[in-house]
There are 2 protein chains.
Amino acid sequence: MANSASGESIIGRFVKIVSAFDDRHTSMSVAELGRRTGLPVTTTYRLVNDLLLERLLEREPGGDIHIGTRMWELVSRGSKMLGLREAALPFMEDVQAVVQHSTTLGILDSDEVLYIERLGSDKTIVDITKIAGRLPVHATSSGLVLLAHSPAAYQDSFLARPLTKFTETTLTDPALLRRHLAEIRQRGFAAMPGVIVPESSGIAVPVFGPDNTVRAALSVVVPRNEENAAARVPVLLAAARGISRALGWRGELKGTLRQSH
Amino acid sequence: MANSASGESIIGRFVKIVSAFDDRHTSMSVAELGRRTGLPVTTTYRLVNDLLLERLLEREPGGDIHIGTRMWELVSRGSKMLGLREAALPFMEDVQAVVQHSTTLGILDSDEVLYIERLGSDKTIVDITKIAGRLPVHATSSGLVLLAHSPAAYQDSFLARPLTKFTETTLTDPALLRRHLAEIRQRGFAAMPGVIVPESSGIAVPVFGPDNTVRAALSVVVPRNEENAAARVPVLLAAARGISRALGWRGELKGTLRQSH
DNA sequence: GGAGGATTACCATTGAGCGGGAATCCTGAG
DNA sequence: CTCAGGATTCCCGCTCAATGGTAATCCTCC
């Protein structure tokens with residue numbers, strides 16, 4: 001599928017190049033980029049030049065490369081994420097204002113939770129969510145909410161594989177998890193104390209789309225020792241309904257709970 | 001530079017494909033994509049398949065294509081926009097809360113203003129800014145602020161070209177504009193009534209980076225008939241300083257105004 | 001001045017990309 | 001049910017853009 005000796009397409013290499021950048025490495029020299037991607041030196045330079053021409057990458061004064069403005073623009077403008085984000089943001093602001101802890105919006109992607117938006121970086125508690133960052137499904141409240149409202153077939157396949165135990169409270173037993181998911185569906189929220197980092201607990205509720213399937217999970221991260229974290233739930237539920245409605249959801253149809261199991 | 005008869009590289013075609021999507025067209029059939037991009041049918045299908053394999057594009061149940069989650073993720077994670085946005089967001093929320101009109105953050109890119117973030121979609125007034133959307137520099141308060149604090153050489157080249165007159169108040173005369181830019185630098189803000197749409201006016205202030213150059217413009221859009229729009233300025237200035245500081249700016253060095261003209 | 005790395009230049013080789021054409025699948029109208 | 005028009009997939013020979021090694025050049029900091 002490619003001219004390359006290694007059998008990669010240009011697209012594949014493009015992905016490698018873009019993947020080399022992350023929040024800790026927003027810019028680097030071409031040589032370093034070559035090292036990080038593992039691409040042949042010459043090839044890296046040629047490819048980078050092509051990308052510079054299209055402004056998908058940009059060269060900064062020092063010579064280092066970073067992801068181009070144009071790239072951000074094109075992707076942002078055409079992506080469906082923007083719609084979701086814009087629908088959610090006003091409600092998230094309300095939640096954040098009331099709860100005073102960081103509020104996140106996550107979706108399910110490639111068997112992980114991908115965080116789309118996050119408000120209020122609260123230094124006082126441990127919160128490892130990042131925008132465009134990923135966390136495992138079974139070890140986050142958002143993930144469990146998303147999983148709980150996924151098609152049964154997906155749940156089965158997910159629960160079939162081995163799950164990492166991050167802390168004492170991380171659930172890894174399929175049967176136990178399955179019961180937990182049922183509870184989450186019934187109660188309408190997930191409250192998980194310290195399933196990924198011991199010091200904080202997450203509370204999450206589902207956000208629905210027009211077809212009444214889950215689109216995202218809205219959640220807050222609070223200190224684990226908080227008195228009654230459950231008191232946070234109503235605010236979240238109300239906000240989630242607001243977001244759902246903004247997405248075109250029109251109230252719960254009969255059989256909302258039927259979609260899973 | 002390409003195998004194609006038309007002499008385009010794959011990268012170029014990739015750009016064409018991604019560009020075919022925007023906020024009004026977040027998904028479409030492959031055939032339509034082919035039409036919009038002008039690429040040969042077969043080529044479109046092959047290319048789309050490659051992109052689907054890498055998850056840069058995604059196929060929805062109906063068969064339509066949209067920009068992939070992975071694409072958004074990679075670009076967002078690696079892009080410097082996120083840093084700017086995250087630094088600005090808290091302050092923008094404050095501004096939005098106080099001013100009660102839509103608040104935007106824009107940067108200068110390819111001789112246009114590119115809006116990075118926008119809070120509060122206020123239906124009561126006309127505001128055509130969109131996230132990842134562009135507007136002309138000389139017809140927006142943000143644009144004029146950015147231009148006013150750009151290197152003199154850039155200003156000269158910009159003012160050398162013909163400028164479109166959008167409304168009665170749009171400034172298009174180079175000499176007049178130049179004087180206006182000086183005022184903006186001196187006063188520290190731009191207040192432009194109806195320069196792009198007659199009904200609303202924008203107020204913008206500069207945001208600085210560590211090297212004391214402009215990074216972005218923070219602005220609000222208010223109804224044009226508002227009593228004293230200038231009263232909004234202090235809030236904006238304060239917020240802009242906050243953002244600048246979050247970006248690593250350390251107070252104004254002597255010679256702040258010297259950088260331009 | 002010179003060692004070590006980053007960047008550019010050169011160039012022979014070749015298979016990935018190309019795209020026209022035709023077959024097949026879909027879908028909605030009559 | 002049939003049929004038309006469009007979307008999608010298959011097929012396939014041609015060809016030149018992409019490849020990546022080697023070597024020269026440019027930096028930059030001891």
Side-chain angles (χ1 to χ4, degrees), chain A residues 1-22 24-68 71 78 211, chain B residues 1-21 24-68 71 78 80 211:
Chain A
M1 197 202 182
N3 266 331
S4 66
S6 54
E8 290 176 308
S9 65
I10 298 197
I11 305 284
R13 302 184 154 197
F14 169 76
V15 171
K16 271 195 177 174
I17 287 181
V18 180
S19 304
F21 298 91
D22 60 28
R24 307 207 57 75
H25 305 85
T26 56
S27 61
M28 63 192 75
S29 73
V30 182
E32 188 180 348
L33 185 59
R35 259 177 269 119
R36 283 172 70 92
T37 55
L39 297 176
V41 200
T42 312
T43 305
T44 311
Y45 279 94
R46 183 170 22 81
L47 228 42
V48 165
N49 277 331
D50 289 356
L51 293 169
L52 285 172
L53 279 180
E54 291 288 351
R55 299 199 52 223
L56 295 184
L57 293 181
E58 279 167 11
R59 169 160 272 146
E60 30 196 77
D64 279 9
I65 299 297
H66 63 197
I67 292 188
M71 185 118 148
D211 54 356
Chain B
M1 192 202 185
N3 267 331
S4 67
S6 53
E8 288 176 310
S9 65
I10 297 195
I11 305 285
R13 299 184 156 197
F14 168 77
V15 171
K16 271 195 178 176
I17 287 179
V18 179
S19 304
F21 298 91
R24 308 206 58 76
H25 305 85
T26 56
S27 60
M28 64 191 75
S29 73
V30 182
E32 188 180 349
L33 186 59
R35 260 178 270 118
R36 283 173 69 93
T37 55
L39 297 176
V41 200
T42 312
T43 305
T44 310
Y45 279 96
R46 182 171 23 81
L47 227 42
V48 165
N49 276 331
D50 288 356
L51 293 169
L52 284 172
L53 280 179
E54 291 287 351
R55 297 200 53 224
L56 296 185
L57 293 182
E58 277 167 12
R59 169 160 272 147
E60 30 197 76
D64 279 9
I65 299 298
H66 63 200
I67 292 188
M71 184 116 150
K80 300 205 145 176
D211 53 357

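Throughout, a chain's letter reflects where its sequence line sits, starting with A, and its residues are numbered from 1.
- Atom CG of A:Asp50 and atom P of D:dG20 are 14 Å apart (whole Å).
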Exercise for the section: Apply side-chain contact (heavy atoms from CB on, under 4.5 Å) to the pair A:Leu33 and A:Phe21, showing each step before the final yes or no. Expected result: CA-CA 9 Å; A:Leu33 185 59; A:Phe21 298 91; 4.0 Å; yes
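- Atom CZ in A:Arg13 sits roughly 12 Å away from atom P in D:dA18 (whole-Å rounding).
- Dashed line: the shortest gap from a side-chain N or O of B:Thr43 to OP1 or OP2 of C:dC18 is not under 4.0 Å.
- In this structure, B:Ile11 CD1 and B:Phe14 CZ are separated by 7.5 Å, a value rounded to the nearest 0.5 Å.
- Note that OG of B:Ser19 is 10.0 Å distant from CZ of B:Arg36, once rounded to the nearest 0.5 Å.
- Among A:Thr44, A:Val18, A:Thr37, A:Thr43, the one residue that satisfies the side-chain contact (heavy atoms from CB on, under 4.5 Å) test with A:Arg13 is A:Thr43.
- To the nearest 0.5 Å, atoms CE (B:Met71) and CD (B:Glu54) are separated by 11.5 Å.
- Following rounding to the nearest Å, B:Leu33 (CG) and D:dT9 (P) show an atom-to-atom distance of 13 Å.
- A distance of 6.5 Å separates CG of B:Leu57 from CD1 of B:Ile17, quoted to the nearest 0.5 Å.
- Atom CG in A:Leu51 sits roughly 14 Å away from atom C1' in D:dA18 (whole-Å rounding).
- We find that A:Glu60 and B:Lys80 are joined by a salt bridge, their nearest charged nitrogen and carboxylate oxygen being less than 4.0 Å apart.
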For nucleotides 27-30 of chain D, give me every protein contact, N/O to N/O, under 3.5 Å, one pair per line with atom names.
none

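- Taking only side-chain nitrogens and oxygens, B:Arg46 comes nearer than 4.0 Å to OP1 or OP2 of C:dC18.
- Per the geometry, CD1 belonging to A:Ile11 stands 14 Å off C1' belonging to C:dC18, to the nearest Å.
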Fill in the blank from the handout: 5' to 3', nucleotides 4-10 of chain C under a 4.0 Å protein heavy-atom cut-off (B base, S sugar-phosphate only, - none) gives --SBBBB
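- One atom, CG of A:Leu47, and another, C1' of D:dT19, lie 11 Å apart when rounded to the nearest Å.
- For the side-chain contact (heavy atoms from CB on, under 4.5 Å) criterion with B:Leu52, the lone passing option out of B:Asn49, B:Leu56, B:Asp50 is B:Asn49.
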Practice task
Step by step, work out the side-chain contact (heavy atoms from CB on, under 4.5 Å) result for B:Arg55 and A:Val15.
Solution key: CA-CA 10 Å; B:Arg55 297 200 53 224; A:Val15 171; over 6 Å; no
